[in-house]
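Each chain gets a letter, A, B and so on, in the order the sequences are listed, and its residues count up from 1. These figures come from a predicted structure and were not determined experimentally.
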Amino acid sequence: MNKIKSLKVASWNVNSVRVRAPLIEKLIKEEDPDVILLQETKCVDADFPREFFQDRSYEHLYISGQKSYNGVAIISKIKADSYSTDLKNNTGSEARYIEAEISGLRIASAYVPCGNKSDEAYEYKKEFLSNINTQMKGSKFIVGGDFNVAINDLDIQTPKKWEGSVLCRDDVREKMHDLQKSNFIDHAKTLEEMYDPSKSINKENSNTKSRDSKMPFTWWDYRRPNEGLRIDYIFTSEMNNECNLETLAEYRWLERPSDHVPLLLEIKL
DNA sequence: ATGGTAGCCCAGCTA
């Protein structure tokens, strides 16, 4: 078993893995991640484009799909020792969570419910966020995904227009703060540094930075193209390794884009 | 104030 020095992990809500194949191809060619965490694959496991990934040296696929909605996957060059779709109280009818143990780390792909359908859906969202927090404790853990929460008003291009939205209410923000407080490396906090020059994002000693600090948003409603939000994140726990997190904003401008752009974490092991 | 798009697959739901 050869020891890996660093790991590149991409996380992307692709809004259909089959439609997004050409853009995933570009991500693989240009960034060559070791592990790709996908959300909203939107197909049953039998329809998952396994050959596409296996032909591009991603031999190990851990997928949890369903018809039409949701669907998460972990695409890896490295074989996992185990994998699981278990997350406490995740009722199973919705394919929103998968984790795998890879090179001694637990790595998860999460698609947190949006929670705008009903009060029950919103409660489920809060519970889901708490459950991720619980799941990460005590293990070296990397979780990437669509959290459907803009943690700070700075994460919203037009904050006034989103006031009261399920994406930025105080109680779900609290859940994200709980995540951030639970001994996690807080990749998210660098956004404040980006907006506040006095916090100097560009200093050499910053362990996180963005390739495109002017557009840190990760999602746009297809109908509201000038209202970006940052609702996708990668968090780690129980590890203080040197790392670099990027938002690949250029994927927004390609042919047939997802409504989300990819995140890329490079972490020294 | 409303509706605007995209993906699932062909009606209407989800985001």
Novice: Taking CG from D221(A) and P from dA6(B), how many angstroms apart are they, rounded to a whole number?
Specialist: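 One finds 11 Å between P of dA6(B) and CG of D221(A), rounded.
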Novice: Rounded off to whole Å, could you give me the NZ-to-P distance for the K161(A) and dG3(B) pair?
Specialist: 16 Å
Novice: Taking any heavy-atom pair under 4.0 Å as a contact, classify R224(A): base, sugar-phosphate, or nothing.
Specialist: base
Novice: Taking atom P of dA6(B) as reference, at what distance in whole Å does atom CG of L23(A) sit?
Specialist: 14 Å
Novice: Distance alone, cut at 3.5 Å: any donor-acceptor contact between the side chains of N15(A) and Y222(A)?
Specialist: yes
Novice: What is the distance, to the nearest angstrom, from the CG atom on N13(A) to the P atom on dG7(B)?
Specialist: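 Spelled out: CG on N13(A) to P on dG7(B) is 12 Å.
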Novice: Using atom CH2 of W219(A) as one end and atom P of dG7(B) as the other, report the distance to the nearest whole Å.
Specialist: 15 Å
Novice: For Y122(A), which residues count as a ring-ring contact (aromatic ring centres under 6.0 Å, His included) partner, sequence neighbours excluded?
Specialist: none
Novice: Tell me, which pairs form a salt bridge (charged side-chain N to carboxylate O under 4.0 Å, His left out) where one or both residues lie in residues 109-127 of chain A, sequence neighbours left out?
Specialist: E123(A)-K126(A), K126(A)-D171(A)
Novice: Using modelled atom types and a 3.5 Å cut-off, is there a donor and acceptor pairing between side-chain atoms of Q39(A) and backbone atoms of N13(A)?
Specialist: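 Yes; judged by distance alone, with no hydrogens or angles, the pair exists.
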Novice: Using atom CZ of R20(A) as one end and atom P of dG7(B) as the other, report the distance to the nearest whole Å.
Specialist: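 Spelled out: CZ on R20(A) to P on dG7(B) is 5 Å.
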Novice: Taking the C1' atom in each of dG4(B) and dA15(B), what is the distance between them to the nearest angstrom?
Specialist: 14 Å
Novice: Under the salt bridge (charged side-chain N to carboxylate O under 4.0 Å, His left out) rule, what pairs show up with a residue in residues 63-77 of chain A, not counting sequence neighbours?
Specialist: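 Every salt bridge (charged side-chain N to carboxylate O under 4.0 Å, His left out) pair that includes a residue of residues 63-77 of chain A, provided the two are not neighbours, is D32(A)-K77(A).
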Novice: Pick the nucleotide of DNA chain B nearest each of R256(A) and D259(A); which residue has the one closer to the 5' end?
Specialist: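 Looking at DNA chain B, the more 5' nearest nucleotide goes with R256(A).
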Novice: What is the distance from OH of Y122(A) to C1' of dA15(B), rounded to the nearest Å?
Specialist: 16 Å
Novice: Using ring-ring contact (aromatic ring centres under 6.0 Å, His included) as the criterion, list what pairs up with F141(A), not counting sequence neighbours.
Specialist: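 Checked F141(A) against ring-ring contact (aromatic ring centres under 6.0 Å, His included); zero matches.
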Novice: Return the polar atom pairs (N/O with N/O) between nucleotides 9-14 of chain B and the protein under 3.5 Å, or none.
Specialist:
unit_1, atom_1, unit_2, atom_2, d
dC13(B), O2, Y69(A), OH, 3.1

Novice: Going by ring-ring contact (aromatic ring centres under 6.0 Å, His included), name the residues that satisfy it together with F48(A), two or more places apart in sequence or in a different chain.
Specialist: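 ring-ring contact (aromatic ring centres under 6.0 Å, His included) check on F48(A) returns F53(A).
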Novice: Let me know the distance between CD1 of I231(A) and C1' of dA15(B), rounded to the nearest Å.
Specialist: 9 Å
Novice: How far, in whole Å, is dG3(B) from dC8(B) if one measures between their P atoms?
Specialist: 26 Å
Novice: Look at the side-chain N and O atoms of R223(A) and state whether any lies under 4.0 Å from the OP1 or OP2 oxygen of dT2(B).
Specialist: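 For dT2(B), OP1/OP2 do not have a side-chain N/O of R223(A) under 4.0 Å.
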